[in-house]
Amino acid sequence: MAKAKDRARIDRYDPAEIEPRWQARWEADQLYSARVDQARPKFYFLTMLPYTSGDLHIGHWFAMGPSDARARYLRMRGFNVTFPIGFDAFGLPAENAAIERGIHPKDWTYRNVENMRRQLRTMGAMWDWEREAISADPAYYRWTQWFFLKMFENGLAYKKMAPVDWCPKDNTTLAREQVIGEERVCERCKTPVIKKDLEQWFFRITQYADELLRFDDIDWPESVRVLQTNWIGRSQGANVRFRTEAGDPIEVFTTRPDTLWGATFMVLAPEHPLVQSLTTPEQAAAVEAYVQQTLRQSDIQREAADKEKTGVFTGGYAVNPVNEERIPVWIADYVLLSYGTGAIMAVPAHDQRDFEFARRFGLEVRPVIRPEGTEALDGAAMREAVPSYGAMVNSGPLSGTTADRAVARTTEYLEQRGVGEAAVGYRLRDWLISRQRYWGAPIPIVYCPEHGQVPVPEDQLPVLLPDDVEWRPTGESPLKLHPTWRHTTCPICNKPAERDTDTMDTFMCSSWYHLRYLSPRNAEAPFDPEEYDYWMPVDTYTGGIEHATMHLIYTRFFHKALRDMGITEGNEPMLQLRNQGQILGPDGQRMSKSRGNVIDPDEQVSSYGADVVRAYLMFGYRWAEGGPWSDDNIQGVVRWLHRVWSLALETAGQERASDPAGERALRRHVHRIIRQATNDLEAFEFNTVISGLMELTNALAEARSSGLAGSPEFRKAVEVLLLLMAPATPHVAEELWARLGKPYSIHQQSWPTFDPAALAEDEIILVVQVNGKVRDRISVPADVDRAEAERQALASETVRKHLGGKTPRQVVYVPGKLVNIVVSSTPGSGA
RNA sequence: GCCGAAGUGGCGGAACUGGCAGACGCGCGCGACUCAAAAUCGCGUUCCUUCGGGAGUGUGGGUUCGAGUCCCACCUUCGGCACCA
């Protein structure tokens, strides 16, 4: 009695028992530790490192579980695969959480790291924990600072004034997420937020803009390449130097130099340095009020093309260098200081935004382009701008220039007269890396009254973040407030000097973490060159599409800049990129603690086991799409694994004489699924990997009920099923593999290969259509020829009925697929 | 607003280069097993139907022998927009 009960317990699929056991065994055996091995082909599989926000949510599993499955698959294919993990640990949320809970950001962060490590281990992923790196460790950020110094040494880091969102009451910089609503108020005190100029560090990413537009060497999704291309926003045109009546130059960038004679006014960004000198006393109050109003808006609000145009006349005038015409200068929020030169020549006849502005304020609309085949435009009567190219008219000496030469000829004309030249403009701005915050890597620069900006010598790195700091909001940068920290001596003259009290953007940490994974404990260098030579570049990189324009541009820039310094090799850090979508909360909204819709993977794992959760996330969603969390379908995966469990174990001891026809059919099925699983894993189509495995399971169940269990082909099929399952459901596959007496470990076996010969069929089904509608299906020999296929199709009873005695006008034959008999030119009327 | 992606049964989703729409699951219905229930197993399940068939992949057009797939216009949802990461 006790014995039977015992066996019943053991024989039931019990993930809670088998999963921790195998995880411990794999770790003890260092099964997934990947070391440099010149004899084997390497594969660097990287998945975006998680932020130490506290708890993993199910979205992390969605990102990492399928990635792990694919990394495991590649390992079975014979690659020496490294699949490292680490933590992005600096950043604003640590400070926010610290303020809310009165806990130090460092303690909060490292407590979270502990918890996340524990959670990650339950996934049974093949992480190589020896490569773990945490960006907030001094041993890590030492090298983040070192890279800053390299950028500085190589002229890629510089300081300039730039606006930040600023709360005038708290006297502090605000992040975008701390500015609330259309009204743009401070999240803490609800005070209206303004822009404030601070001197900040930038990296010259624009120097690499053209190279960043080239994607020849990399297999990245089209959507990401397009997003990056648009983000960089290269446009070709000309710089034109207008001047104020006082003689100050106002440079503008335009993509349409050919419309220069149509400039009837100029618009400056309200923050433009010349606004003050241009403004006349009568306009001063209106201009000042408008500037203040603009400072309260975000760039997105300012650029929105659908809102009503606003602006104010400065009272000043500029002179158009090609015709010496005096035109009024306005300010308007739709001109941004951060794009181009912060000033535009307005050509309302040929630019829609300028047109709307001109109509709103009664400014002249003067057409200077006549598109081919159209009447001459009448500025007063126009209802919208005409942005097309055309022959130049009303353009002084250049009138009559044809569309194909207009831009080039105007540019030459500008160059000859020394008032402009061909130029390329980018939407991309240099990368602002200064943050007025505590929880980040300090910028390793010292300000000496005598020597100015002095880099901290490399042997003095890291510049440690002090622990004893007031990180609550006080109105000042926390490091500035520390009694002693910023006081130091100049590395050159040894006289008193001050440290930079800003820290670096966390995107800086994540721009090179893939290099630190190579040798996380190296104290001599950011990474070990031998490891670099073997592992880099990253072969597959997975992560969310939301990183398309920031992290994924920054890390490419970083790599290219380091390449030019001789630190890295090759043009790109990551060869293949694939993006997964997001798992939303059950309410269809993005998961967040404040919404209370976060799905905790721990609960799912304790209810169902890691294998079920992994397989369910692969099966239930399109990986590239994601979607709202729901566990409605998870029972299907639970049932599937139970079925595999009993199928494998109940048939284990059986022996049976062969049944050639049944076995051939089973073998055909097995090889079809091998092909499908292989192709789908290659293509990151994880849902059909699992559905294929379910189909194979169903085929095995059917084979068992038709008495095939125990036959050689059946046993082979069970083995193949387990091998194909190993990447997705590593624990149950390992357990059943062991119970079938196979050698440890299933994860060290080769991936099954597919035999095309096994798929050959004698008979195929041809679809027969009449006028494109399916009317019958006929079984024909696989090698049937056209004449025979048509003959059999026309012989079909239902087909004859639908032909209604008419003679076929056309017969379309697609070998192996269908015969379509067309009797009428009007679709459907033949029926 | 701009850039990008996606819209297919009651639900998640499948459909290689234009060729059987709805694979695989969930849910639901019926049946078997059971005293009963759960679990499990089997069968069915896009909608309408006068049982001949007809309609059907966000909406409206178009190309084609044939369109979920290609083209044009539109609608809705999601992601990003430079200090969340």
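Every chain is numbered from 1, with letters handed out A, B, ... down the list of sequences.
Stacking of A:Arg578 on the aromatic ring of A:Trp623 is not recorded, the 6.0 Å distance cut-off and the 45° axial limit not both being met.
No side-chain donor-acceptor contact under 3.5 Å links A:Thr555 to the backbone of A:Leu552.
In terms of phosphate contacts, A:Arg302 brings no side-chain nitrogen or oxygen within less than 4.0 Å of OP1 or OP2 of B:rC81.
Within 4.0 Å of A:Gly588, counting heavy atoms only, lies no atom of the nucleic acid at all. Here A:Ser338 lies out of heavy-atom contact (under 4.0 Å) with every strand. Note on A:Leu428: a base of the nucleic acid sits closer than 4.0 angstrom, heavy atoms only. The residue A:Gln301 sits apart from the nucleic acid: no heavy atom pair falls under 4.0 Å. Residue-level contact check: A:Asp505 touches neither bases nor backbone, having no heavy atom under 4.0 Å from any strand.
The base of B:rC3 lies outside donor-acceptor range of the side chain of A:Asn230, with no N or O pair under 3.5 Å. One N or O donor and one acceptor, one from the side chain of A:Gln200 and one from the base of B:rC83, sit under 3.5 Å apart.
Listed candidates were B:rC65, B:rG25, B:rC81. Nearest to the side chain of A:Arg176 is B:rC81.
In terms of position along RNA chain B, the nucleotide closest to A:Ile634 lies nearer the 5' end than the nucleotide closest to the other residue of the pair A:Ile634 and A:Gly91.
With a glycosidic angle further than 90° from 0, B:rG18 counts as anti. Annotated as syn: B:rG9, whose O4'-C1'-N torsion sits within 90° of 0.
Using a 4.0 Å cut-off on heavy atoms, the residues of residues 635-644 of chain A that approach RNA chain B are A:Gly636, A:Arg639, A:Arg643, listed by number.
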